[in-house]
Amino acid sequence: MEKGDSLQQLRAQIDALDGQLIDLLSRRLNLVRQAAAVKKEQKSAAYSKEREAFLLRSRAQQAQAAGLPEGLIEDILRRLLRESYQGGGKSAYPCVLKSERPLVLIGGKGGMGQLFASYFKASGYQLEIIDRDDWDRAPQVLGRALAVFISVPIDLTAAVIARAAPLLPADCVLCDFTSVKAPALAAMLQAHPGPVLGLHPMFGPDIRSMVKQVIVSVGGRDEEKSGFILQQFELWGAKVCTCSAVEHDKAMGIIQALRHFTTYCYGMFLSEIHPDLRQILDLSSPIYRLELLMVGRLFAQDPRLYADIIMSSQGNLELISRYMDSLKPQLDLVLRQDKDAFVRCFNEARAYFGEYAGKFLTESGALLARVQDQRSS
């Protein structure tokens with residue numbers, strides 16, 4: 001009984017401290033909202049790499065001095081920072097270029113269109129949306145556009161560009177959001193004599209914040225006239241990466257087409273052998289649970305989107321074919337149980353990854369810890 005009473009007293013003290021923590025967190029988030037308002041007035045970006053690095057470094061030093069476990073304060077701070085970026089609100093972002101002329105999103109009722117529409121509106125831009133049912137408005141709306149963003153499925157992009165471009169002012173910036181840049185960029189350059197900019201947001205419409213999200217920029221024509229668009233993305237906290245259309249499409253073959261195809265095939269195979277997913281989850285390690293999450297995420301979304309991405313270019317098809325051809329020798333190696341050859345191949349691949357292998361091991365460890373923390377069963 002005496003030990004029970006002592007435990008109850010300790011728990012009561014812990015509960016009281018948790019209450020204080022909650023109050024402090026609430027006060028901190030309120031200060032973050034005030035800071036966001038000041039950032040808007042000063043036209044500062046939502047995300048500062050230097051400020052974040054300072055916070056993580058200085059708080060780690062304080063935590064070490066206080067005898068806290070290594071990494072504890074970083075875990076807490078990163079969660080707080082993520083909430084800070086999201087909690088600042090889209091209305092906290094300033095407008096880079098104020099104009100009475102509107103930005104126009106063609107396909108703005110789709111997921112990506114709605115996401116960018118919300119950010120542009122909250123940043124103070126005049127915004128118009130044209131979707132497939134209201135092209136009767138197109139001549140009037142497009143005729144005074146400051147910039148137009150094509151946000152439609154890949155297989156419709158060229159046709160929509162050809163339909164919209166003749167209606168644009170000569171100085172209007174024509175942009176696209178497609179994941180394959182060379183064909184879209186060529187179509188825009190051919191159809192529109194004015195500024196052209198290729199864009200590829202490397203995220204889905206379900207993000208909660210633009211902070212640290214990657215947007216690829218592929219220059220087309222008169223890039224200085226589209227500079228305000230990239231500046232606006234950066235004020236939202238996004239990271240703008242610039243490359244050529246050829247470089248982009250080659251990289252996307254690996255990052256998207258090959259990855260999605262592999263995930264699709266793995267999910268299809270699971271559906272064929274039909275294991276009990278509940279049992280698989282119960283028995284899984286954190287790394288397999290994460291892998292299964294990525295497979296399930298793909299099959300929870302639009303199959304036509306993934307078909308468009310995977311089959312969007314001949315280069316993608318050739319890359320996937322090469323990948324499939326590469327599997328046969330590896331399968332033969334395993335079937336003959338040649339462990340020495342396996343180790344040799346393994347070491348050759350490890351040499352290619354070099355120092356990144358160690359970095360990836362560290363980063364994945366942090367991710368897996370989070371997956372394990374969120375495990376409910």
Discussion item. Taking transitive links into account, so neighbours of neighbours count too, which hydrophobic residues share a cluster with Val246 at under 4.5 Å side-chain distance?
Written reply: none
Item to complete: Scan for salt bridge (Lys or Arg N to Asp or Glu O under 4.0 Å) pairs involving residues 166-189, sequence neighbours excluded, and state none if there are none.
Response: Arg101-Asp171, Asp176-Lys181
Worksheet entry | Short side-chain donor-acceptor distance under 3.5 Å, Gln232 and Tyr125 | yes
Worksheet item: So which of Asn316, Ile310, Ile309, Val180 actually passes side-chain contact (heavy atoms from CB on, under 4.5 Å) with Gln256?
Response: Ile309
Discussion item. Between Thr263 (side chain only) and Arg259 (backbone N and O only), is there a donor and an acceptor less than 3.5 Å apart?
Written reply: yes
Response to the item:
Residues at least two apart in sequence or cross-chain that pass salt bridge (charged side-chain N to carboxylate O under 4.0 Å, His left out) with Arg322, listed by chain then number, are none
Discussion item. Can you confirm whether or not the ring centre of Phe261 sits under 6.0 Å from the ring centre of Tyr323?
Written reply: no
Discussion item. Suppose we screen for salt bridge (charged side-chain N to carboxylate O under 4.0 Å, His left out). Which residues come up paired with Lys98, at least two apart in sequence or across chains?
Written reply: none
Fill in: With sequence neighbours excluded, residues passing ring pair (Phe, Tyr, Trp, His ring centres under 6.0 Å) with His248
His200
Worksheet, complete the sentence: The remaining residues in the hydrophobic cluster of Val334, counting side-chain heavy-atom contacts under 4.5 Å among Ile, Leu, Val, Met, Phe, Trp and Tyr, are Leu333, Phe342, Phe346
Response to the item:
For Leu331, the other hydrophobic cluster members (4.5 Å side-chain criterion, sorted by chain and number) are Leu335
Worksheet, complete the sentence: Using a 4.5 Å side-chain heavy-atom cut-off and chaining through intermediate ILVMFWY residues, the residues clustered with Leu283 come out as none
Discussion item. Please list all pairs meeting side-chain hydrogen bond (donor to acceptor under 3.5 Å, both in side chains) that have one or both residues in residues 348-357, counting only residues at least two apart or in different chains.
Written reply: Asn347-Arg350
Discussion item. Going by salt bridge (Lys or Arg N to Asp or Glu O under 4.0 Å), name the pairs with one or both residues in residues 218-247, residues two or more places apart or in two chains.
Written reply: none
Fill in: Crowding at OH, Tyr264 (>12 non-hydrogen neighbours, <6.0 Å)
no
Worksheet item: Can you pull the side-chain hydrogen bond (donor to acceptor under 3.5 Å, both in side chains) pairs that have at least one residue in residues 357-369, sequence neighbours excluded?
Response: none
Fill in: Pairs meeting criterion side-chain hydrogen bond (donor to acceptor under 3.5 Å, both in side chains) with involvement of residues 133-159, two or more places apart
Glu128-Arg137
